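Have a look at the structure below, then the notes.
Quick caveat, the model's predicted, so the values are computed rather than measured. Chain naming here is simple, since letters A, B, ... match the order of the sequence lines and numbering starts at 1 in each.
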Amino acid sequence: MKCRKCGGRAALELRRHNAAFCPPHFLEFFRKQVAEAVHKHRMFTREETVLVAVSGGKDSLALWDVLIEEGYQTAGLYLDLGIFEYSLESKAKCLAFAAARGQKLVIERVADAVGAPIPEVQKATRRPTCSACGLSKRYLMNRAALEHGYQVVATGHNLDDEAATLFGSVLHWQMDALPRQSPALASTHPKLVRRVKPLYRLSELETAAFAFLRGIDYIVEECPFSKGATSLAHKELLNRLEESSPGAKHNFLFGFLEKARPAFARAEAVELQECSSCGQVTTGAVCAFCKLADQVKRRMIE
Amino acid sequence: MKVILRNPRKEVEVSGQRRVKDLLTELDILPSTVLVIRGNELLTGDTVVGGDDILEVRPVISGGGGLPAPAVPVR
């Protein structure tokens, strides 16, 4: 297979684009897709400092690598979930990545904020692990950005992540989730930072290939709690569809963003207020994170 | 050739030559879900492998979360 641009030996075939690229031209393609995402959704400027949420995995480290190489001002944010060896290894990968590139890495421990590491939270609340983990991460990303003075948080969500989330939302007609699905969520409150997903145009295979070709040492092992996760089942279905119909995932996501999402936008804006317990933004009197932390505290005492 | 699979880690010996895409079909792996690595190079589906090759088949799917399907009430 030959590179579409130079005719050299291809390293990766992109069936949905009916193209293949050699390593240098694939890296160029990848960076162009990120630049297009940042530009199209006005994600951030060169004057802003971007807080990149990193997990030690391929997506977030690939994202951080691109932004550094493109000359953006960045800092990393690692949320220590306290998931045994997995967290120890993923933190070590993030620390090594940041040190090798002379970048700042902010580290926050979930246990300090919620009262227990993620495995204990699951036991204490009987809430699905990924649900408590996702809630904690969203809350702590926003809080860390505010505390450290960053206007925008970038996450490594890729095309497959976004298509799987959309699939799950449509499958259950989650009318509150559909309008929120976007590559860029603007700040709609002084205590809510902008959240962006610069990799949403790139597939999981592409972010993995980029990380490999850039020599990024990322954690290949999966979170032990992700086994059996619903989103992985949705990804598998979509991948089977993609196999017989290349471009299906792309068209599903991009068709939604361009044509359908406006129809799901709420007629009335959601009213945001500050949580009476922690002061972070919420739609109710007490935010979901404080309710979770309170539940953990009570169960730990019992 | 030796094929190293991850998550869980497993090594399999495969004899003869074949294209990467045929190898993945035999292993019941969707090509879009893995990188096929030989040394420091990525291989496309049409690359013929075999002999003394040592291949790593590295999964690319990650993530968790998503809501389980809610129970449908009986009417």
> So which of A:A11, A:P246, A:S55, A:A10 has the biggest tally of heavy-atom pairs under 4.5 Å with chain B?
Replying inline: A:A11
> Looking at A:F225, A:F212, A:F167, which makes the most heavy-atom pairs under 4.5 Å with chain B?
Replying inline: A:F212
> With sequence neighbours excluded, what pairs up with A:Y218 under the ring-ring contact (aromatic ring centres under 6.0 Å, His included) test?
Replying inline: none
> Given that the side chain runs from C-beta out, which part of B:V34 has a heavy atom under 4.5 Å from chain A: side chain, backbone, both or neither?
Replying inline: backbone
> Considering heavy atoms only, which positions within residues 39-59 of chain B lie below 4.5 Å of chain A?
Replying inline: B:G39, B:N40, B:E41, B:L42, B:L43, B:T44, B:D46, B:T47, B:R58
>> Give the interface residues of residues 22-31 of chain B toward chain A, defined by a heavy-atom separation under 4.5 Å.
In response: B:L30, B:P31
Can you tell which part of [X] gets under 4.5 Å to a heavy atom of chain B, answering side chain, backbone, both or neither?
| X | result |
| --- | --- |
| A:L171 | neither |
| A:R9 | side chain |
| A:E242 | neither |

> Are there residues of residues 201-210 of chain A that reach to under 4.5 Å of chain B by heavy atoms, and which ones?
Replying inline: A:E204, A:L205, A:A208, A:A209
> Where the side chain of A:K235 meets the backbone of B:I61, is there a donor-acceptor pair that is under 3.5 Å apart?
Replying inline: no
> About how many Å separate CZ of B:R6 and CD of A:E222, when rounded to the nearest 0.5 Å?
Replying inline: 11.5 Å
> Got a sec: does the CD of A:E85 have more than 12 other heavy atoms crowding it under 6.0 Å?
Replying inline: no
> Of A:L232, A:D59, A:D160, A:I219, which is the lone residue that meets side chain to side chain contact (heavy atoms under 4.5 Å, CB included) with B:S62?
Replying inline: A:D59
